[in-house]
Structures are given as structure tokens and as C-alpha cells.
Amino acid sequence: MKSSGAIAITRAISPSIVACELTHLERTPIDVENARAQHRVYEEALIEAGYFLERLDTSPQMPDSVFVEDVAVVFDELAIVTRPGAESRRQETPAVAEALAAYRPLQTIQAPATVDGGDVLTAGRTVVVGRSSRTNEAGVRQIRQMLEPLGYTVAETLVRGCLHLKSAVTALADDMVLANPDWIDRGVFGRFKIIEVDRAEPGAANALRLHDRVIVAKAYPRTAERIEQAGFMVCAVDASELAKAEGALTCCSLIVAGR
Ligand code: CIR
């Protein structure tokens, strides 16, 4: 098993991203070259933050491959390879599993369970799993069975108003989250300090906290200011083209240690 310093796994943008899955958004034209340029800037931000990048290939058969977060969830002790809720995304798993097998023992979500990694929020030893159109009850149960024996506390919540749990809330620290209060059940996040997104920026909760900084989307300057006020260094990247595919910032990488 390779030692996992600070490694980020990303995946190339498929030429067929224009045919991506969409749940809450109307389809609007995606400029693939512009999306690739924005994705490169995102990858550079990861490198700048001190991560070694491992970038996987894609194919025209997997329109949503760039959203690598949904296909696995990485913990210190193991990586869980998911069974994505959208059938079109299940072919994304083998290459990601192969890459992760170099760093972690793997466990795999089994049918009839479905899980999208975007529904699994980890903050220290607490894991919150969102039940959504992608993650079902059996999926939550299997995650619980994998993680509770390792000492994680696994809580469950219902996702509403958005695609994934992490569209609504992401972890800024072991005891702090960034959230859109309209899309979360506050009870589940009772022990966390909550930084709320600006009202005018409902999609801003999906930010990627790395060890010394938070990557935020350029579209959300008011929320970025709040994150700065909470004491974090902020790095803003343009993610507007990927947003048309209903993706954001955590979705585009799997962080293997070094967070
Ligand atoms: C999908 O619907 O699966 C993709 N178009 C977007 C996935 C974004 N992933 C995420 O929020 N974790």
C-alpha cells in the first residue's frame, strides 16, 4: 500500500458532460473547453494547497466522471466504494476503486443499497449521511455497518431542496460546518458551530476545506467573506461551467489524507 501523504484524486471531464445527469436544474449548454479550463484551475488550487494530484482518465460513456466524489468516500482506515444512485454513473466506480486500492483497504456498497459520496459528510469522527434521490435507506445502513465498528458516530438526515447533502452543508472543521439553513435539519448539526451562507447565495455551502484554506466558488463572494471572518484563508475559483452540470467544489476531488 502506497503511503498517502497529501493526495487528491481527480478525474478528467468527459466529452459527453453535456449529457450529464440533472435533477434540480434545467439543461443549459455547457462549453466543454471552458469547463476543462476551469477544472484545470481547480486542480492547480489543489496543487497550490500542497496536494499531489492523481488524475484519472474518462470516456464518452461516463458524462459525470469529473464528479469523482460521488464514487467513493475516503477515511483514514478504509475507503468505501459507492454504488451511485444514478445508474449512468455506476460504470465510474472500477477505475476509482483501482486507484484507491493503492492507498486504502476497500469496502463496497452492495445492491440494493445506493450511495452517492456527495451525501456523506465527515467531520472528525462524526459522519452524517443524507438520504436523497441518490442515497437510500439500505445505503445508510451499510455505511453504518462499515464505520461504527471503527468508532465513528453515524447520523442520518433527509436531503431536501438540493441534490446532495453536501450541496447544503460541508465541514469547515471537526466542530464547524458551512450550511444553507433552509436545506438542513439543524437538530442533526446541533453540536456544530454553523456558518450560514449569505441568503443571496443559496448554493454556496459546497466549499472544499483543505488543511489551511477553503476553496470556494467565485460566484459566492458574500459567503466567502463570512468564511474569511471565521478565520480561514479563502481561495476562490470559477466553477460556473461545472455548476451547469449540478456539480460544485467538493464533488471534483477525493482527498486521500492531508486534509
Ligand atoms: C449528477 O447529477 O450526478 C451530476 N450531474 C452532478 C454530481 C455532483 N456531485 C456532487 O454534488 N457531489
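Each ligand, and each atom within it, is numbered from 1 in the order the structure gives. Quick note: residue numbers are just sequence positions, from 1.
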_Run the ring-ring contact (aromatic ring centres under 6.0 Å, His included) test against Tyr152 and tell me which residues pass, sequence neighbours left out._
Phe75

*Can you sort out the partners of Arg90 under salt bridge (charged side-chain N to carboxylate O under 4.0 Å, His left out), two or more places apart, ordered by chain and number?*
none

*Flag for Ser253-Arg11: side-chain donor and acceptor within less than 3.5 Å*: no

*Output all residues satisfying side chain to side chain donor-acceptor pair (under 3.5 Å) with Thr10, sequence neighbours left out; order by chain, then residue number.*
Glu43

*Using the ring of each side chain (for Trp, its six-membered ring), is Phe189 parallel, tilted or perpendicular to Phe192, with breaks at 30° and 60°?*
tilted

*asked:* For ligand 1, give me the residues whose heavy-atom distance to it is below 4.0 Å, by chain and number please.
replied: Glu21, Asp64, Phe67, Glu69, Asp70, Arg89, Gly118, Arg134, Leu163, His164, Ala245, Glu246, Gly247, Cys251

*Can a donor-acceptor pair be found between the side chains of Thr135 and Asp116 at a distance below 3.5 Å?*
no

